[in-house]
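This report refers to the structure that appears directly beneath it.
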There are 2 protein chains.
Amino acid sequence: MTTRWLTPKEQRAWRAYVAATSLVEDAIDRQLQQDAGMPHLYYSVLAMLSEAPERRLRMTDLAEVLKITRSRLTYAVARLEKDGMVRREACQYDKRGSLAILTDEGMATLERAAPGHVDTVRASLFDQLSEEQVEQLEAICSEIARGLQGDERAAADEVPWRRRASQPSVSGCT
Amino acid sequence: MTTRWLTPKEQRAWRAYVAATSLVEDAIDRQLQQDAGMPHLYYSVLAMLSEAPERRLRMTDLAEVLKITRSRLTYAVARLEKDGMVRREACQYDKRGSLAILTDEGMATLERAAPGHVDTVRASLFDQLSEEQVEQLEAICSEIARGLQGDERAAADEVPWRRRASQPSVSGCT
DNA sequence: TAGTTTTGTTTCAAACTTGAACCAAGCCCG
DNA sequence: CGGGCTTGGTTCAAGTTTGAAACAAAACTA
């Protein structure tokens, strides 16, 4: 199998993709760092927690949602905890487990940062795209994500104290 | 202006986007790290140099193409130089300038890594998408990129010894 | 139930990235 | 010419990310 090189069309798409995604992440990170003193990932941690029931999530679940490694999350939460945005609690049903809990201060920070963040997301992405393209983008990204994670999910929702629920907090903190 | 939150559709698109891009970068980085001992960015440095006339580019130009900061590039090239993939030379027309030059070893490494990389790009992206979606993706990403860099480019191609040219080396090392 | 494997999470050291500060070398203009 | 501003690049310190190794509790299994 002598390697199926990318077609010119694919090449262009790939390069555009790499450029665009890198630019977008930079823009988002910069804004968040400026206005909230934390990088995108850290903001996402707060955002996810804010939507979780009781504003708490187990480390593994959080890592799963955010699509990052446990290790990375550990460090992120450690920093957020030091800054008072998050609190930790041992999971009483599984003594190995550890819960990350959004504090009021974390919630406040999130609410303060959300508007600017949304603006940036808009400016970076949605302002440039037609409604149709937004739909296409969603479809494309969903495909890709699905392909990259075999969908070994579907589990969870099994044990009661691990149920996934939703109770949005900051409307669309993204 | 009370913040225009994202519509549900936009929310979904944004979240899918964040998840997908993060997964893709991870996959690419992992593969390249495994097979070539370097992260995606470093590979891209080699790839860009391989296409440049005489396999050389000024630091600023390289940073521009790659859409990264000069600082980041300095460190990347330093590492690649230490590993013998790249050589540096002073720019004789502008004594401030510095050229990064792909060595034969760097070229060899690139050629060795390219097939696996392309496979991963395919597996991560193109295998999941229809031809139409590939086109859509390119259009979308181009829009976004254009929006995020005001296009203060168009310059360059002015000074002869800075001309951009092309003389592809590893066919589609991406 | 002891031994083994798996799962949840942290820790370590090494690598990478960041933004600001810094140093030259070009440029510009009176 | 002699500042002063801009441009090309590097350096610094601090922060973040990585993958592998280490732990400990839970789940199996014989």
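Not measured: the values here are computed from a predicted model. Below, chains carry the letters A, B, ... as their sequence lines are ordered, and counting in each starts from 1.
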NZ/NE/NH1/NH2 to OD/OE distance under 4.0 Å, A:K9 and B:E138:
no
Could you check whether A:R12 pairs with A:E10 (Lys NZ or Arg NE/NH1/NH2 to Asp/Glu carboxylate O, under 4.0 Å)?
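Looking at A:E10 together with A:R12, the answer is no, because their closest N to O distance does not fall below 4.0 Å.
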Within this structure, what is the [atom1]-to-[atom2] distance between [X] and [N], rounded to whole angstrom?
X	N	atom1	atom2	result
B:Y42	C:dA14	OH	C1'	12 Å
A:E64	C:dG8	CD	C1'	14 Å
B:Q92	C:dG26	CD	P	13 Å
A:L73	D:dT17	CG	C1'	13 Å
B:M38	C:dT17	CE	P	13 Å
A:L80	D:dG15	CG	P	14 Å
A:Y43	D:dG15	OH	C1'	21 Å
B:D61	D:dG9	CG	C1'	13 Å

Taking atom CG of B:L110 and atom NE2 of B:H117, what is their separation to the nearest 0.5 Å?
9.0 Å
Does the side chain of [X] get closer than 4.0 angstrom to OP1 or OP2 of [N] through an N or O atom?
X	N	value
A:T60	C:dT9	yes
A:R88	C:dT10	yes
A:R58	C:dT9	yes
B:Y93	C:dA25	no
B:R96	D:dT7	no
A:R72	D:dT17	yes

Of the listed nucleotides [options], the one nearest the side chain of [X]:
X	options	answer
A:Y75	C:dT17, C:dA20, C:dC12	C:dC12
B:R79	C:dC16, D:dT11, D:dA25	C:dC16
A:D94	D:dT11, D:dA25, C:dA25	D:dA25

B:L99 vs A:G37, nearer the 5' end of DNA chain D by closest nucleotide:
B:L99
Between A:K95 and A:L41, which residue's closest nucleotide on DNA chain D lies nearer the 5′ terminus?
A:L41
Residue met sooner reading DNA chain C from 5', once A:Q33 and B:Q33 are mapped to nucleotides:
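It is B:Q33 whose nearest nucleotide is closer to the 5' end.
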Closest to the 5' end of DNA chain C, once A:R30 and A:R70 are matched to their nearest nucleotides, is A:R70
Should the heavy atoms of other residues, nucleotides or ligands under 6.0 Å from CG of A:D127 be counted, would the total exceed 12?
yes
Does the side chain of A:D35 pick up a donor-acceptor pair with the side chain of A:Q31 at under 3.5 Å?
yes
Please check if any side-chain donor atom of B:Q11 sits under 3.5 Å from a side-chain acceptor atom of B:R15, or the reverse.
yes
Have a look at A:S71 and say if it touches a base, only the backbone sugar-phosphate, or nothing, with a 4.0 Å heavy-atom cut-off.
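If one applies the 4.0 Å heavy-atom cut-off, A:S71 turns out to touch a base.
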Within the 4.0 Å heavy-atom criterion, would you say B:S98 contacts the bases, only the backbone, or no part of the nucleic acid?
sugar-phosphate
